[in-house]
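Ligands are counted one by one from 1 in listed order, and the atoms in each one are counted from 1 as well. Heavy-atom basis, side chains included; hydrogens, waters and symmetry copies ignored. Quantities reported herein were computed from a predicted structural model and do not represent experimental measurements. Each residue takes its place number in the sequence, starting with 1.
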Amino acid sequence: MPPTKSPVQQVDSELLDSIIHISNQFAIEGEFVEGEEIQSGHINATYRATFEAGDGSQHRYILQRINEKVFKDPLAVMRNVECVTRHINWKVLRVKKDLGGQTLNLYPGRGGRFWVAGPGGGIWRCYNCIEGCHTYDIVENTRQAFQAARAFGSFQDLVSDLPADELEETIPDFHNTRKRYQRLMEVAEADPCGRAGSVAAELEFVQRHEKDVDRVLDGLDTGEIPQRITHNDTKINNVMIDEETDEAVCVIDLDTVMPGSVLYDFGDLVRTAVSPAAEDEQDLSKVVMRMPMFEALVEGYLESAKDFLKEGEAELLAFSAKLITLEIGIRFLTDHLEGDVYFKTKRPDHNLDRCRTQLKLVEQIDAQLPQMETFVRKVWRGR
Ligand code: GN1
Ligand code: MG
């Protein structure tokens, strides 16, 4: 079995110096003890620093450099994150919700803002570390699946009263599946790295599923599916799970919080939670849709989302898993054809491997879609 917890890496002395330098720019009490890299994200650089306070107690902090190739306006990202963390903390204080144990907090930097500029450029921010928790890259049991889904539903509930225009669209058309599809076809046509010939089967697979790409977009256009504030990156490893109780404590990675559809959030969670295989698994026989995991996700999500969710949204929950998996497959394939310029990669054809797991999962979901839809309907009606 591959490790299911997100990996942590020791850093070399040069990187350690940068971590010390950056962390000293933030209002952290005490002396630096150690630093390490957290390797699970594909976009930002993430480090964890430990400090010893005056009373001898040790505290850990998360330092992140925002990837400005992906987030063209990192300060807009910070404005969104500040707005959302402030709102959630206020709400948790006022009406204690499930996610009240530990919440994400930004630390002020020198100059009084919640970010500092790094020595080599870049915008850095510092969060508290959610303690006693793990993040999982692969769900081990249905309890974790239920908890994670309930946590993302609670998150959507907590931000549901934030006016959508309070937040900026930091990556325009992030989940516009039609545009993602068109972009792939354009890149395949231009074929800048001469890789299109070797991915004919994958391109053909995507083309066969073209009819799916407009379904949620059409609902958003007609208003049948409401626009809400959503997380937009609900990978299973973006929820902190208590090491002892397996309870979800806090949702993290708020960079893409912006107006969108809750369907994208639910779909992305299903994508990352139902398969026991890593996102970049090369043995595709390991990529399967585990129905019990899906059922636990539906139960958990509807427990916290049933009060605000509309019928039209509930109807598309199962389909959203297929849609988002197809969308990420398209994005990985596009990046492969463009020469791996967006997602961090660690080996040749890494994005192609990732694309293949996604397309395999689309196939798996497709084969079980009727049962998935029946299950959602049953839980929705019995709510
Ligand atoms: C990226 O940074 P990370 O790993 O949380 C990406 C998501 C993809 C995901 C695929 C801003 O998220 O959209 O679903 O990789 N984030 C951005 O694993 O593009
Ligand atoms: Mg992310």
query = If you measure from each non-hydrogen atom of Asp255 to ligand 1, which part falls under 4.0 Å: side chain, backbone, both or neither?
reply = neither

note = Min over Tyr342, Phe332, Tyr264 of heavy-atom distance to atom 11 (C) of ligand 1 lands on Tyr342

task = Report yes if some heavy atom in the side chain of Phe26 is under 4.5 Å from a heavy atom in the side chain of Pro108; otherwise report no.
result = no

key: Salt-bridge present (Lys179, Asp173; N to O < 4.0 Å)   = yes

task = Identify, by atom number and element, the atoms of ligand 1 in contact range of Phe71, meaning under 4.0 Å from any of its heavy atoms.
result = 11 (C)

inquiry  = Checking Phe343 against Phe332 for the ring pair (Phe, Tyr, Trp, His ring centres under 6.0 Å) test, could you report, in this order, the C-alpha distance in whole Å, the side-chain angles of both residues, the deciding distance, and whether it holds?
reply    = CA-CA 8 Å; Phe343 296 103; Phe332 286 142; 4.7 Å; yes

request  = Check Arg354 against ligand 1 and report side chain, backbone, both or neither, counting heavy atoms closer than 4.0 Å.
outcome  = neither

note = Checking heavy atoms under 4.0 Å, the part of Asp233 that sits near ligand 1 is side chain

key: Polar atom proximity, Asp253 to ligand 1 (N or O, under 3.5 Å)   = yes

query = Is Lys235 in polar range of ligand 1, meaning some N or O pair under 3.5 Å apart?
reply = yes

query = Step by step, would you call Tyr264 with His175 a ring pair (Phe, Tyr, Trp, His ring centres under 6.0 Å)?
reply = CA-CA 7 Å; Tyr264 300 135; His175 283 305; 4.8 Å; yes

inquiry  = Does any part of the side chain of Arg79, heavy atoms only, come nearer than 4.5 Å to the side chain of Glu168, both counted from C-beta?
reply    = yes

query = With atoms numbered from 1 as shown, which atoms in ligand 1 lie under 4.0 angstrom from a non-hydrogen atom of Ile328?
reply = 14 (O)

ask   = Below 4.0 Å from any atom of ligand 1, is there a heavy atom belonging to Arg331?
value = yes

inquiry  = Below a 4.0 angstrom heavy-atom separation, can you tell me which part of Lys344, side chain or backbone, both or neither, approaches ligand 1?
reply    = neither

Thr272 and ligand 1 - part of the residue with a heavy-atom distance under 4.0 Å = neither

query = Other hydrophobic cluster members with Met185, side-chain heavy atoms of Ile/Leu/Val/Met/Phe/Trp/Tyr under 4.5 Å, chained?
reply = Tyr181, Leu184, Val187, Val199, Leu203, Phe205, Val206, Val213, Leu326, Ile330, Leu333, Leu337, Leu352, Leu359, Val362

remark   = Applying salt bridge (Lys or Arg N to Asp or Glu O under 4.0 Å) to Arg143 and not counting sequence neighbours gives Glu247

Arg271 neighbourhood, listing ligand 1 atoms whose heavy-atom distance to it stays under 4.0 Å = 10 (C), 14 (O), 18 (O)

Pair Tyr301 + Phe266: ring centers closer than 6.0 Å = yes

